[in-house]
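For ligands, and for the atoms within them, numbers begin at 1 and follow the listed sequence. Everything numeric in this text was worked out from a predicted model, so none of it was measured.
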Amino acid sequence: MTQKRDRWPSQLIFIFAAVGSAVGLGNFWRFPFLVGKYGGGAFLLPYLIILIVMGIPLLIMEFALGQRLQQGAIGAFNKIHHKFSGVGLGTILCGCLVSCYYAVIMAWAIIYMFHSFNLGWGTDTKTFFFEQVLHVSSGAAEMGSFNLPILAALAVSWVLVYFCVWKGVESVSRVVAVTMPLPVAVLAVLTIRGALLPGSWDGVLYYLTPNFAALLDDDVWRAAMSQIFFTLTLGFGVMIAYGSYEKRDSDISRNALIVALINSGTSILAGFAVFTTLGFMSTVSGTPIEELAASGPGLAFVVFPKVLTLIPAPNLFAVLFFIMMVTLAIDSLFSLVEAVSATFLDRFPHMSKKVTSFYVCAFCFLGGIIFTTSAGIYYLDIVDHFVTGYGLVIMSLLQAVVVGWYYGADKMRDYINSVSSWKLGPWWSTSIRYIVPGCLTLLLLMSLYRDLTTPYEGHPPAILFGLGWGSVAAVLLVSGIFSYVSSQPEEAAEESASEE
Ligand code: PHE
């Protein structure tokens with residue numbers, strides 16, 4: 001017997017939850033480091049173009065899928081046709097892979113939270129981060145030993161996430177009411193603080209001055225695309241699950257627009273906080289901004305602590321900042337656990353939510369242990385590069401093709417328009433049928449060419465193969481087999497719409 005589907009208590013809570021999922025370490029840790037890596041303003045333009053051309057139409061599509069079919073990712077695609085169940089499973093698997101390393105970054109933030117009471121990182125924040133916190137090895141080939149404090153913090157992360165999510169929508173609703181607005185408020189304070197520092201204007205210029213020549217670099221486009229998928233939590237099955245807790249007549253396009261705008265607004269604001277302070281650091285230390293900005297995945301943990309020690313009331317700002325990083329990560333992570341358990345519960349309605357969520361957390365914790373080794377940061381960067389650049393992209397491509405060509409983009413658009421205040425024109429169907437699949441295929445081919453000809457960041461091919469290509473291949477293989485098995489007549493699940 002199917003349980004009654006969970007429901008968001010109100011539209012506002014739904015928006016909070018979806019924004020909570022979207023706004024996360026992707027905005028504070030990933031966005032600034034990509035902006036730094038790809039040369040400031042050079043990254044911003046492709047980012048905004050991809051947001052409009054692909055991000056918003058796909059977010060509308062994911063909300064609509066969940067809300068229309070009242071199922072998590074696997075159930076939704078299974079309902080369209082059994083043979084597409086694998087698309088749903090693939091999105092969930094990508095999400096699990098991302099969560100494994102995402103929780104490790106949350107673990108770093110927990111460690112920093114403790115150090116922030118006495119600003120334990122001292123003046124050389126780079127050495128502190130890489131040597132004292134990470135015990136980083138010389139390269140991906142040298143795995144080194146497990147780092148116990150990070151491992152312990154990783155366990156704490158998952159316990160926190162588990163307790164936030166274990167009652168499903170009810171507890172999620174309560175948690176997001178705090179974890180969503182708090183970071184935005186702290187960010188506003190930090191941005192104002194950053195703007196008042198001497199030299200901040202140089203940082204702003206670096207951040208905002210567009211570089212039209214960079215538009216010809218396919219690597220920038222690829223990074224912008226993977227960032228949009230990551231940041232809007234697209235291709236993870238999360239937005240489908242969240243949409244499925246909405247009533248069938250809730251406004252879709254307005255909600256999607258609000259979520260996308262708040263999310264990118266937060267990223268852009270976080271960029272101001274980072275680059276104004278980078279401008280200040282560059283003025284104080286005499287090091288060029290480009291050099292300071294190119295710290296890769298360590299940027300947030302090298303730059304923010306540094307900046308925090310240079311401003312008045314450093315302890316207060318530091319504690320606030322790292323609490324914010326942790327709360328940001330929590331609501332993103334539990335959105336994922338929620339998506340996975342929603343999917344399981346659709347298929348096995350007799351299972352309890354607490355047990356399912358426990359297994360998901362335990363599984364992702366175990367998967368994350370490898371990132372707590374001395375080579376963890378390299379592995380993390382590799383898995384992030386491949387899973388976001390291929391996994392999320394392939395899954396979103398398949399989703400767009402299934403909805404656009406099999407389910408019918410116009411049929412979905414009619415539904416969206418029947419419940420939404422902002423009516424979508426034929427552009428939306430065109431986007432889902434042609435523009436999104438076309439652009440994604442092109443970028444995928446370009447990425448493939450680049451990654452097959454140049455090893456990513458010069459890492460050893462065996463590790464790229466095992467961790468990077470291996471993760472993507474595993475997702476595709478398991479999803480393919482699942483689709484095949486699900487499309488066999490005896491396996492065809494008799495899904496029933498749970499409501500209305
Ligand atoms: N959108 C999240 C962010 O930007 C990413 C994310 C969500 C990752 C859910 C994992 C699970 O941080």
Side-chain angles (χ1 to χ4, degrees), residues 16-35 47 51 55 58-59 62-63 72-73 91-109 154 157-158 160-162 164-165 172 175-176 179-180 183-184 187 223-242 256 259-271 297 300 324-343 357 360-361 363-365 367-368 371 380 383-384 387-389 391-392 395-396 471:
F16 269 26
V19 171
S21 167
V23 176
L25 297 172
N27 307 60
F28 282 75
W29 158 75
R30 210 170 184 280
F31 178 78
F33 106 66
L34 292 178
V35 176
Y47 171 89
L51 170 72
L58 280 172
L59 185 62
E62 289 210 3
F63 279 164
T91 62
I92 297 288
L93 290 177
C94 287
C96 287
L97 283 171
V98 170
S99 306
C100 292
Y101 67 80
Y102 197 88
V104 176
I105 302 157
M106 176 171 160
W108 300 345
L154 180 65
S157 305
W158 281 112
L160 286 175
V161 173
Y162 178 65
C164 287
V165 85
V172 171
V175 177
V176 289
T179 54
M180 207 290 279
V184 179
L187 183 61
M225 178 181 67
S226 72
Q227 176 59 14
I228 288 295
F229 284 98
F230 191 94
T231 193
L232 286 177
T233 328
L234 292 172
F236 286 83
V238 169
M239 296 310 189
I240 302 181
Y242 273 17
V259 172
L261 291 181
I262 298 182
N263 176 62
S264 289
T266 314
S267 283
I268 290 170
L269 202 61
M324 177 188 83
M325 289 273 265
V326 172
T327 61
L328 276 169
I330 288 184
D331 49 6
S332 293
L333 268 182
F334 73 50
S335 70
L336 191 101
V337 177
E338 195 46 47
V340 182
S341 27
T343 288
S357 307
V360 179
C361 292
F363 176 82
C364 293
F365 166 68
F371 304 113
L380 192 152
V383 176
D384 179 71
V387 174
T388 57
L392 297 183
M395 288 308 146
S396 299
S471 308

query: Is a side-chain donor or acceptor of Glu338 paired with a backbone partner of Val238 at a separation under 3.5 angstrom?
result: no

field: Between Ser332 and Tyr102: side-chain donor-acceptor atoms closer than 3.5 Å
entry: yes

query: Centroid-to-centroid, Phe33 to Trp29, below 6.0 Å?
result: yes

- request: Tell me the residues surrounding ligand 1, counting only those with a heavy atom closer than 4.0 angstrom, sorted by chain and number.
  value: Ser21, Ala22, Gly24, Leu25, Gly26, Asn27, Val98, Tyr102, Phe230, Thr231, Thr233, Phe236, Ser332, Ser335, Leu336

Short side-chain to backbone donor-acceptor contact, Ser264 and Leu261, under 3.5 Å: no

Evaluation steps, side-chain contact (heavy atoms from CB on, under 4.5 Å), between Phe230 and Val98: CA-CA 9 Å; Phe230 191 94; Val98 170; 3.6 Å; yes

Donor-acceptor contact below 3.5 Å, side chain Thr231 vs main chain Gln227: no

